[in-house]
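Read the structure below first, then the notes.
Ligands are counted one by one from 1 in listed order, and the atoms in each one are counted from 1 as well. Since the model is a prediction, treat every value here as computed from it, not as a measurement. Numbers here are sequence positions counted from 1.
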Amino acid sequence: MPKKVLFIMSDTGGGHRAAAEAIRDAMFEKYGADSIEAELLDVYRQMNYPGNKMPDFYPWVINNAQMGWALAYRLTDNPARSRLASRMTYRLNRARLRQMVLDHPADVVCCVHSLLGQPSMSAYQSFGQRPPWVTVVTDLVTTPYFWYDRRVDRCLVPSQEAYERGLECGLTPSQLRVTGLPVHPNFNRRLTDKATARRELGWNPDITTILMVAGGDGMGPMLETTEQILAKRPDVQVVVICGRNKALKEKIEAAGHRSVITYGFVTNMPQFMAAADVLVTKAGPATISEACIAGLPLILSGAIPGQEDGNVRLVVENDAGAFAPAPDKVAETVAQWLSDGKQALEERAERARKIARPDAVWEIAEEVWQAAHQSAVSIDRRAKM
Ligand code: UDP
């Protein structure tokens with residue numbers, strides 16, 4: 001009988017789906033596709049209004065209401081308040097989340113979303129027993145407290161700081177393990193040399209290429225940043241990945257710059273990262289982890305306040321890149337890096353490679369697989385979040 005693996009995630013941003021697919025595909029590869037039945041469940045979609053609209057609202061919120069998002073993050077950035085907020089989410093959606101548990105039987109639950117873990121766990125805990133549970137924390141450094149639920153069986157974290165925060169929330173060392181962030185196994189394999197990747201993508205092989213990507217939803221002032229870069233360095237080409245943001249793609253295309261190439265949501269990120277010389281991106285954890293594996297120096301053009309601040313620190317402290325939180329600052333940094341010369345850029349790339357953890361996904365796959373073979377957990381109703 002194949003093992004049923006249920007991934008608790010949501011299409012808010014691109015990182016949760018990317019993490020779930022990475023773990024799922026590593027499991028398929030390691031243990032055989034016939035041995036596993038995997039389901040990626042967008043838990044927000046299971047909730048009552050307005051929770052069920054969260055995947056639709058999220059890009060708007062991140063683009064237009066960052067201050068509000070930052071405020072909500074600060075208000076809940078402590079163990080007790082994050083638990084209170086999770087409890088409220090559960091109460092408001094209790095019937096639907098309990099139905100979700102009944103509709104999606106599983107041998108193991110793997111949670112890759114900070115805000116959905118505790119309310120979903122509460123739904124599972126309301127029955128007599130539940131499947132083993134593995135949380136995979138997909139924020140890199142300043143991991144929101146929402147991630148840490150004392151009731152889970154395993155909590156796999158990407159960094160020592162994330163581990164310490166788990167202890168602070170009352171998880172035990174036997175629950176916690178530092179693995180790194182899961183990046184798809186194919187990512188590594190699809191990385192080719194620069195010339196091959198450029199030829200395959202049909203780009204000019206000889207021009208310095210700046211790749212811009214801002215999460216799965218194409219957030220932030222990408223057109224302004226492109227224009228400022230070209231104003232400072234008209235000799236480069238800029239490749240902009242707009243993700244799911246169709247309006248952004250149209251806007252950039254309408255601007256009609258000759259040395260700009262735009263894409264919508266791409267499914268061959270390793271090829272793009274292999275082909276580029278410099279990456280300009282918001283501080284998304286998945287994109288940073290991928291760029292480090294690809295050895296691509298990063299200019300971080302922005303960070304979601306609170307949850308992505310630590311990602312900036314990781315990149316800057318390891319000298320793998322720079323923080324330039326405005327279009328003119330990005331352009332200045334690009335100009336500076338290019339005038340520093342090829343050798344300096346290669347050194348930055350090397351430092352990015354040093355913080356990469358390409359094997360994390362295999363360790364996580366093994367953890368989930370082992371958990372799938374454990375028996376169902378009897379519920380201790382007194383167990384605390
Ligand atoms: N991504 C992709 N195609 C795109 C844009 C983004 O595959 O066109 C992927 C990207 O490689 C990364 C994820 O989406 O794996 C974005 O995750 P990140 O944590 O960087 O940001 P989020 O979108 O979650 O805020």
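Here the heavy atom of the protein found nearest to atom 25 (O) of ligand 1 is K282 NZ, 2.9 Å. Among all protein heavy atoms, the one lying closest to atom 7 (O) of ligand 1 is V266 O, 3.4 Å. Looking from atom 1 (N) of ligand 1 to the surrounding protein, the closest heavy atom is M269 CE, 3.7 Å. With hydrogens left out, the protein atom closest to atom 20 (O) of ligand 1 is T287 OG1, 2.5 Å, a heavy atom. Scanning the protein for heavy atoms near atom 19 (O) of ligand 1, the closest one is A286 N, 3.0 Å. The nearest protein atom to atom 22 (P) of ligand 1, hydrogens excluded, is given as G14 N, 3.4 Å; this is a heavy-atom distance.
For the pair D149 and R83, the salt-bridge criterion is not met [side-chain N within less than 4.0 Å of a carboxylate O]. Electrostatic pairing of E308 and R313 does not count as a salt bridge here, judged by no charged N lying under 4.0 Å from a carboxylate O. Between E350 and K354 there is no salt bridge, since none of the side-chain N atoms of the basic residue sits less than 4.0 Å from a carboxylate O of the acidic one. Residues R165 and E161 are not paired through a salt bridge, judged by the lack of any N-O separation under 4.0 Å between the basic side chain and the carboxylate. Ion pairing between a basic and an acidic side chain is recognised when a charged N comes within 4.0 Å of a carboxylate O; R130 and D153 show such pairing. In summary, D277 and R198 engage in a salt bridge, as defined by a charged side-chain N under 4.0 Å from a carboxylate O.
Stacking of R348 on the aromatic ring of W337 is recorded, both the 6.0 Å distance cut-off and the 45° axial limit being met. Cation-pi contact between R24 and F7: absent, since separation from the ring centre below 6.0 Å together with deviation from the ring axis within 45° is not met.
Across T135, T138, D139, a single residue satisfies side-chain hydrogen bond (donor to acceptor under 3.5 Å, both in side chains) together with W147, and that is D139.
For ligand 1, one of its N or O atoms has an N or O atom of G216 under 3.5 Å away. Considering backbone and side-chain atoms alike, T267 places every N or O at 3.5 Å or more from each N or O of ligand 1. An N or O contact shorter than 3.5 Å is missing between T12 and ligand 1 by distance.
Within the 4.5 Å cutoff, side-chain heavy atoms of D56 are placed close to those of R45.
Judged purely by atom type and a 3.5 angstrom limit, N268 has no side-chain atom pairing as donor or acceptor with the backbone of Q271.
Under a 4.0 Å heavy-atom criterion, C242 is not in contact with ligand 1. Ligand 1 lies nowhere less than 4.0 angstrom from a heavy atom belonging to D217. In this structure, R244 has no heavy atom closer than 4.0 Å to ligand 1.
Close approach to G13 involves these atoms of ligand 1, each under 4.0 Å from a residue heavy atom: 22 (P), 23 (O), 24 (O). Interface atoms of ligand 1 facing G15, defined by a heavy-atom separation under 4.0 Å, are 16 (C), 17 (O), 19 (O), 22 (P), 23 (O), 24 (O). Using a 4.0 Å cut-off to heavy atoms of G264, the atoms of ligand 1 that qualify are 8 (O). Near G243, meaning under 4.0 Å from one of its heavy atoms, ligand 1 places the atoms 8 (O).
Side-chain N/O atoms of R96 and N48 include a donor and acceptor closer than 3.5 Å.
Using a 4.0 Å cut-off between heavy atoms, E290 contacts ligand 1 through its side chain alone, with no backbone atom that close. When non-hydrogen atoms are compared, ligand 1 lies under 4.0 Å from the side chain of A18 (C-beta onward) but not from its backbone. Contacts with ligand 1 closer than 4.0 Å are made by side-chain heavy atoms of I241 only, the backbone lying farther away.
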